[in-house]
Amino acid sequence: FGCMFGNKNTSFYFLSIDPIEIHKRKLFLWFSHLPQEEKQFGGFFSPETMHVDPLILERDAEERAGLLCSPFQTQTHCNRSVTVEQLFQHTDTWSEGRGLNVLIYGAVGTGKSTVVRKLVLDWCAGTTLSHFQLLIPFSCEDLSQLSKVTSLRDLVSRKYLHLKKHPLLSGEGNQAKNVLFLFNGMEKMQLDFRIGASELCSDPNEGLPPSVVVVNLLRKYLLPETSILITTRLSALDCIPQKYVTRYAQICGFNDPSRQRAYFTSRLLKQSDTAYNQEAQDLVELLYLNLQRESQLAAACFLPSYCWLTCATLHFLHFTNTKAPIRTLTGIYTSFLRLNFGGEVLGTGAGTNMPIQEHQSSLMLYVVRTVGKLAFEGVTYKRTSFSEAELEQWIGGKTKTDEELRQLAMFRTDVLDFFLAPSIESGKCISQDLRENNERQYVFAVPAMQEYLAALYVVLGENKSALEKLTNKVSVAIGQASEDVNALVNIFSKFIPLRIFAVFNLLKLFPKLYEKISSLNKGSIARTMAAELFRTEDSYNEDVLDQVEQSLLGVHGPQQQQYSERQPFELYPIFMGGLLHYGNRVLLQQLGCSIQSTTVAQITRAIRKYLVRELNKPQPPEELMDLLVLLYEFQNPRLTAEVLTSIRAIRLTNIRMTSLKCFILSSVLSCTPASYYLEELDLSSCLLTNDMLQMLWPAFRQTYSLNLQFNILGPESCSLLRDLLLDPRSVIRSLKLCDNPLLESGVQILVEALPENQSLTNLSLMHTGLGDEGVLDMAKRLQQHKRLQELNVAYNNIGDDAALFLVDACREHPSIQTVHLYLNPLSKVAKQSLYAQGVPRSHSGQRVKVLASVTEGTDLSENWHPILSVIRENASSWDQQHVIQQLKVFLEDLEWGHQQQQSLWKRLHFRRVEKGVRKILKMLENNLPPSKK
């Protein structure tokens, strides 16, 4: 009884809640839901913090017909900017008892769906359109799928059960004046306002097809007091007669850099980790500078969709970490297209009697076959700009039927400007011939989009040869009748001669011929990927991720010399690989673009062979980085492991490493088996920081020689390096940390690993700020490590006593053979003592080679050449006054040794070394970069 009493109270409680309040709560929950594309950013964004109102211009009814043009041109008009709430204010033409019909239209990507979403959320919160008690949003795409007749009230209760039989929709009195209907995406419905096709009806309880219900609402024949907001695309403006529209408004996107900057700030500065705030602020400033230059990016960002793509790409480039979901550049572009074209189709024209579902084709597939074909031709011939005549040729040149012409007109009106924009006259990508003809040029809104669409065009197999297209059609025809052919063969083989029987077998073999031709095409795709990735003329360009960043932020300061005059398309093969990933294929399937698993398997088998072949040749660091990006975009561990088995050294010298590149390197190497080890991992001069070392930890454990020279690693990095050396799975034999500000405190932490480490044989700490204390602490721990063979502590401000103590410890060490001490402020007496103390005191010790100068007493050091080479290569980045002072000391040592020599041959040898020292000294004194011999 008590339970029943409790249930009764609960039921009474829910019945007592106002249905409109329930409606508001549910709408708020539904419209606050973030799409999957937003969740990939790790939950940093929310609708409340990232909305920026696009420009909305009110248009006159006579003016709207001439506005089927690019949204980039709207800033030249002087129409009044309005808000959605202002559009529902009564005008002079308003009549009592009739609601307003407001039509908002815009091209793809201008922000229609975002405006609707924000409008609903604000109404739920009571901050806008509060004079409407009830807001009822409908998706026209959803309504177009309904085939059964239904009344208006049943239609509302079907979508919103809590509003079932609500009195505001009864049609009695003028209660409906407090209701606002919202129909989003009216182009998805086939509305026919002819009386013969859509009967008049004023009863909200009368069952009618959904399209007829909407038509009667717009006619003001059904619930005339209610107001209606419709959103649609440019091509569907004429679907609603002008007499049924009270006000027109066009969404024009972000028409000025201030709106764009507000969007970028709300996106990039809302990081959950405050450590990123300064970097995000710098990104926004660089981005804003690029927008103010009237760059091509500024033109693209008139569309809020491209602002989203820009922020998503920058977030991927700068804020990738091990905690965030796995993202790829290809995945971002695929998600971008899914956000804008998910479920979009090209259907039949209005007024046809055929259901829309029967004549639908994927809009994205249409984009690939038209704009993708143009992109592919541009990539093939290294072009980024196209004339109007070329657009006509590639996008509409082969249309024949009226339906094809209708689809083409719709595509040009709604979609074409989304991908192509008039070129900003910078002269970068436009040939001299085209400039002389003074013909208007068009480019892809974002350069990388051209490479993505070209890659999609190829991977989908749209660039088939004539032979393959013919064999495909024949194979399909034969395949459809294969069961009948097999049945006939089985029956007649018992009665007909063998010669005739052979003809049937030929028919059965034809599909195999097609498969053979198709596999050759897949091999050519793989060959193209490898050829484009390792093009000789692109070998010394920036790596592909830096190119992407520069296209967004611009180039600040002197630009790197380009070795090729033609536009590099190095993202093209990387996108081709990324599109083969299962996650991207699933998204493309939703867009109506299917990539078969057999196609993926054939391309993967072929690309493995070509990549291994190219990797047998020496590759510059930039090309090697591009290869790692390709393997990462593939997201295919088996392929990655098989390709990496042919690589024994990864040298990324002078690559500007970022958190993303470190993550890519670690992710790719984590695909290899436990038995795989790199002979060398060279990350010198890569601007590595302590945070990046954390991401590179898995890669470090798979290398024998680790080169971290010339980075910005401080004392805090030594804790991680110490743990790395103590890791039982670590196999590091050589660790080079030259020119990192480790300081005494850092080195003292590092050497704590020496007693337990069993792999290290070469430790280089040149120019790390070691000092006397650091050397003394190291010397005390050397005896506890039995495998070290070479120790480099040159250029560390080490005094005489500390140097002598270190050499004493080294000569009693069982394995140390060489100690580097040059460029330290050592006296002549100390140097002589060092050479003498290199001889061991006991028989158990061994001779230690001490490199303190280019001379050893009265003789030349046999290692003078390596010493001068190190100084020559690094002098420009060192304290030049200190280096000059040490070179002068070398000259004094050489002059004294020269005077002690009796042999003419030895004197000449001294003069040769002296000449080399003076050459470096002269270059430093003249502030010239030392040349390499």
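Worth knowing before you read on, the calculation uses all heavy atoms, side chains too, and leaves out hydrogens, waters and symmetry mates.
Checked by atom type and distance alone, the side chain of Thr320 never pairs as donor or acceptor with a backbone atom of Ser659 at under 3.5 Å. The backbone N or O of Tyr263 sits less than 3.5 Å from a side-chain atom of Ser266, completing a donor-acceptor pair. Looking at Glu633, its side chain does come within 3.5 Å of a backbone N or O of Leu329 through a donor-acceptor pair. Counting only distance, with no hydrogens or angles, the side chain of Trp123 and the backbone of Phe132 share a donor-acceptor pair below 3.5 Å. Between the Glu141 side chain and the Met186 main chain, no donor and acceptor come within less than 3.5 Å of each other. Lys661 contributes no side-chain N or O that, together with a main-chain N or O of Val629, makes up a donor-acceptor pair within less than 3.5 Å. Counting only distance, with no hydrogens or angles, the side chain of Tyr572 and the backbone of Gln450 share no donor-acceptor pair below 3.5 Å. Of the possible donor and acceptor atoms, one in the side chain of Asn711 sits under 3.5 Å from a partner among the backbone N and O of Cys686. In this structure, the side chain of Ser423 does not engage the main chain of Tyr442 through any donor-acceptor pair within 3.5 Å. In this structure, Ser130 contributes its side chain and Gly126 its backbone to no donor-acceptor pair below 3.5 Å.
The shortest side-chain heavy-atom distance between His581 and Thr330 does not fall under the 4.5 Å cut-off. Residues Thr658 and Leu545 are not in side-chain contact: their nearest non-hydrogen atoms beyond the backbone lie 4.5 Å or more apart. Between Glu570 and Asp543, the closest side-chain pair of non-hydrogen atoms is not below 4.5 Å. Side-chain contact between Phe88 and Leu229 is present, with heavy atoms from C-beta onward closer than 4.5 Å. At a threshold of 4.5 Å between non-hydrogen side-chain atoms, the residues Phe634 and Thr328 do not count as touching. Residues Asn255 and Leu57 are not in side-chain contact: their nearest non-hydrogen atoms beyond the backbone lie 4.5 Å or more apart. Counting heavy atoms from C-beta outward, His318 and Glu549 have side chains that approach closer than 4.5 Å. With a 4.5 Å cut-off on side-chain heavy atoms, Leu552 and Asn290 do not count as touching.
Checked against the 6.0 Å centroid criterion, the rings of Phe336 and Phe418 qualify as a close aromatic pair. In this structure, Phe183 has its ring center under 6.0 Å from that of Phe138.
Ser305 and Asn340 share a side-chain donor-acceptor pair at under 3.5 Å. Of the N and O atoms on the side chains of Thr334 and Tyr452, at least one donor lies less than 3.5 Å from an acceptor on the other residue.
Across Leu303, Val115, Thr114, Thr110, a single residue satisfies side chain to side chain contact (heavy atoms under 4.5 Å, CB included) together with Pro54, and that is Val115. Here the options are Leu119, Leu135, Thr83, Leu121, the test is side chain to side chain contact (heavy atoms under 4.5 Å, CB included), and the partner is Thr128; only Leu119 passes.
Note that NZ of Lys24 is 5.0 Å distant from CD of Glu21, once rounded to the nearest 0.5 Å. Here the straight-line distance linking atom NE2 of His23 with atom SG of Cys124 works out to 7.0 Å at 0.5 Å rounding.
Using a 4.0 Å cut-off between charged side-chain N and carboxylate O, Glu285 and Arg261 make a salt bridge.
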Leu309 vs Tyr333, test: side chain to side chain contact (heavy atoms under 4.5 Å, CB included). Steps then yes/no. CA-CA 8 Å; Leu309 180 61; Tyr333 273 77; 3.8 Å; yes
